[in-house]
Structures are given as C-alpha cells and as structure tokens.
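Structure record follows, encoded as structure tokens.
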Amino acid sequence: MSNKESFGSKFGIIAAAAGSAIGLGNIYRFPCEAGANGGGAFFIVYLAIVLLMGLPLMVSEFIIGRRSGKNPVGAFKTLAPDRKSWSGIGYMGVVCAFLILAFYCTVAGWTIDAVGKSIINYYHGLDNATIQRDFNSLMNESWQPILSEGIFIFLTAFIIIKGVTKGIEKYSKILMPILLGILIILGVKSLTLPGAADGVEFFLKPDFSKITGKVLINALGQAFFSLSLGMGCLITYGSYIAKKDNLTSTAFAVCISDTLIAVLAGIVIFPAAFSFGIRPEAGNELAFVTLPILFNQMTGGYFFCLFFFLLLTIAALTSSISVLEVPVLFLTEELKISRKKATIYSAIGAFVLCVIASESLHDDTPLKIFGLRIFDAFDELTSTFLMTIGGLLTVLFLGWKMKKADFMDEYTNGGTVSMGLRKIMYFIIKFLAPIAITVILITQFIK
Ligand code: PHE
C-alpha cells in the first residue's frame, strides 16, 4: 500500500477527484450528447441526475473506498467478507477502465493532434469547409491517430509510474482555473456571433416533450461518465481520503465544478456551431471543428487555440490517469505485481484496444459490433451499461448490504461532524437512487 499512501497524502482529494471528473467528458462528450438528445431537455434532466444521483453515488464510492482503504475489488472483499460476489462490481470496473481508455485515448489523440496543428498555426486562414474536411480525413487516416494516441497513453503511464502526481496537483490548481477563464472568454465571443441566439435557445430552452427513455439513459450515462462514477475510480480515490475530510462537501465541490465546466462548454459550442452551420447532432466534429473555426475568428486566436488545446490535453491526462489507476491498483494489490509492471501491462492493453477503436472510425470500416463502430460500441457499453449498472450495484451495496451504523459512522467521520443531510442522503442511497436507475435502465431495455 505504500505507493497508494504517498499518492494519497500528496494529492489533495478535491484536486484529484475534480481532475478525474473534468476532462474530455465535459468539453467533447457533453455537447455531443446534449446535441444528439434535444439540447435543453437533456440539460435539465442532466442537472437533476447530477444532484439526485451523481452526488449520492459519489459519496457512496468515497465511503466504500475510505472505509476499506482498498482498490475496488479488494474494497468489496473487505467490506463483505461473507459474500465475495460483491467484488464483481470491482472486476466490472477494471474491465470498464480498459474500454473507457480505448475511446478516451482516441479522442485525446485528436486533442494532441490539434495541439500540434495549433503550434504551426495550421488552422489560420483555412475556410470552414476545409477545417471540417480535415477532421474527417484525420479519422480516416491510419498512422497519425495511432501516433498521437500512443503519445497520450505513454504520458498517462509515465505519470502513473513516476508518481509525479504532486506536480500535477500543483499545476492543475493553476491550469484548471485558466481553462475556466478561457472557456468564459470563448463563451462571450461565441454568444456575440451572428445567429448565436438559436444555439442558446437550442441548449438552454427545455422542451419537455422531447424527454424520452433514450434522453434519460443518455443523461444518466453522461452524468456518470463525467463524474467518473460507477467504475471504481472514486472508490480508488476514496481510499486516499483522510478520516477527517468531509465527504459531502468534497463530493459537492467536485459535482459543481464538473457541471460548471460542462455548461460552459455548451455555451461556447452551441451558439458557435449554429452560427457556422454545424448541426448540433454532428457528433465528434462538434467540438473539434467548431472550436478551430471559432479561434480563427478571434483576435489572438493563435494563442487561444494553442492554450485551449494544451489545457484540454492536461485535463484529459488528469482523467486518464485516474482511469488507468483502477487496473494498476487492482494488479498491485490483488495480484501483487509491481506498480511499474502493472502500469506497463495495463497501458499496452489499453493501447491495443485504442488502436482498434480508432481504426473503427474509418468510413469503410468492418470493425463493427451490432452495427455500431467499435469506438461507439465501447462508449455505449461503458457509459450507458457498465457504469450505470456499476452505480446501481454500488448504492444497493451501501443501502442494503452494509450496516446502517457503519454507513453513518463513515459518513459522519465517526460522529465528529454533524450531518443534517445524513438521513436524506441515506434515503436517496437506499431507495431513490436504486429505483430511479432501475426504472431508467428498464425503460431502455424494453425499447
Ligand atoms: N470523467 C472523465 C471526463 O469527464 C472521464 C472518466 C470516466 C474518468 C470514468 C474516470 C472514470 O473526462
């Protein structure tokens, strides 16, 4: 456990958990999901889910991690020694981590590619159609994406092996507020473009008739993905939280900052996309084409573009290390493999899957499962299936398997903090969250 303790003590938990939460999920995936699911309707459902299910689930994962002090598999084994099958939740998390890394690193590869292009001022003077065509041809290329994915996975593994988390913490405290600042500036610019109002209306005006089962499950999946829930990541980080730290306020701070960044991303992207004639349901290109076009129209666009994509890469890295940490900690604690070897094996596994996922984005790809490109299949499988089921089982464990007294003890830091919220929180974890998640999952499966 020595690696873990040093990692934990040096890494402020809010910085770590917010670093995990804030990433491509906010800036790339949230607009894609909102765009494909009706905009404003999705947004309202998303907010409700973050508060009513995301926050309690985050607290639940912290409780399980801190109480056990272990990786997700070991945590359930420790807390339910009489029923080892609960550790299946942890194993599911390990599998989920690889599938997430496969498509996450593909997208992070595009970000690295954009950093390279920003440095050489590649986008300057290109017309909108060319930027769009360029992004599509990137997805159809073989070697360039593999190279940038490789660089990204290498960086992720390097950070995990070197344990330079202290540096990351120090820098992310400065860099993440800068990312926030840039997003605000971009938001102002985007809102003043001609035709921006349509984008604002699309994103913020709720049309409740658009709320379908599909919107619910996608919002649930997006919330879990963005908050890093349901796959053991925050159980892992929970095991580093000090006994005196307040779990609710930590979780609250993480949920708020994560949601703020996602909303800002929407405010930047939709008005600009509408103004440039990019369809809101365009998918992958929504962020990666809209933003370079936006930068082209700004004074100082060169610097904004470069800084933005650099910061996005860093935000993606602080997320990817938290994903990779799940299998690494599992391998070191449960299978007693050295941290270095565990990291190398896991990174190679993730890289192979990532190459398959990114090659599946070629126009004529045979790499499909059930009609979905492997990239999309991994994304769907994890966020709408594995993470939601993982989250459901986690709240069920806390509400129905763990003793209430143990829950309260951990939640109130051994009774030292009085938590007015504790009864409501327990009620949500025991009844509301499991019922709501089950209903959403069932409506989806019936369809
Ligand atoms: N939450 C991260 C993001 O939004 C992605 C992630 C998912 C990280 C699952 C950890 C676990 O980018």
Side-chain angles (χ1 to χ4, degrees), residues 11 14-34 46 49-50 54-55 57-58 61-62 65 71-72 89-90 92-111 152-153 156 159-160 168 172 176 179 183 218-238 251 254-266 287 311-330 346 350 354 378-391 394:
F11 208 52
I14 296 189
S20 166
I22 298 170
L24 299 168
N26 307 59
I27 288 162
Y28 149 80
R29 199 176 187 282
F30 177 78
C32 277
E33 287 293 311
Y46 179 81
I49 289 179
V50 167
L55 180 66
L57 180 55
M58 192 175 285
E61 293 203 15
F62 284 163
N71 71 87
I89 306 177
M92 217 163 80
V94 174
V95 172
C96 200
F98 282 106
L99 300 178
I100 291 178
L101 283 169
F103 67 88
Y104 205 81
C105 297
T106 302
V107 181
W110 303 338
T111 315
F152 185 79
I153 295 184
T156 306
I159 294 170
I160 294 245
I168 291 254
S172 55
M176 289 306 114
L179 178 67
L183 277 175
N218 288 338
L220 185 71
Q222 172 59 24
F224 283 15
F225 184 84
S226 190
L227 297 170
S228 312
L229 295 172
M231 49 75 71
C233 178
L234 295 185
I235 295 183
T236 310
Y237 277 15
V254 175
C255 288
I256 293 292
S257 42
D258 187 68
T259 306
L260 184 69
I261 299 273
V263 172
L264 272 173
L311 292 172
L312 190 57
T313 307
I314 293 168
L317 266 175
T318 57
S319 300
S320 62
I321 56 171
S322 76
V323 186
L324 191 62
E325 183 70 15
V326 172
V328 168
L329 205 61
F330 162 72
S346 307
C354 180
F378 283 177
D379 180 339
E380 286 269 305
L381 179 65
T382 49
S383 62
T384 53
F385 192 68
L386 293 177
M387 297 173 92
T388 45
I389 292 183
T394 304

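Note that ligands are numbered from 1 as they come in the structure, with each ligand's atoms numbered from 1 the same way. Since this is a predicted model, take the numbers as computed values, not measurements.
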Discussion item. If I take atom OG1 from residue T106 and atom CG from residue L101, how far apart are they, to the nearest 0.5 angstrom?
Written reply: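 These two atoms lie 10.0 Å from each other.
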
Item to complete: Work out which heavy atom in Y28 is nearest to a heavy atom in A287; give both atom names and the distance.
Response: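 Answer, listing the atom of Y28 first, then A287: CA-CB, 4.3 Å.
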
Judged by atom type as modelled, is there a donor-acceptor pair below 3.5 Å linking the side chain of [X] to the main-chain atoms of [Y]?
| X | Y | result |
| --- | --- | --- |
| S226 | Q222 | no |
| S319 | G19 | yes |
| Y104 | L24 | yes |

Fill in: Residues in the immediate environment of ligand 1 (any heavy atom closer than 4.0 angstrom)
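Those residues closer than 4.0 Å to ligand 1 by some heavy atom are S20, A21, G23, L24, G25, N26, I100, Y104, F225, S226, S228, M231, C233, S319, S322, V323, M387.
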
Practice prompt. Under the salt bridge (charged side-chain N to carboxylate O under 4.0 Å, His left out) rule, collect the residues that match up with D258, sequence neighbours excluded.
Written response: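 Applying salt bridge (charged side-chain N to carboxylate O under 4.0 Å, His left out) to D258 gives none.
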
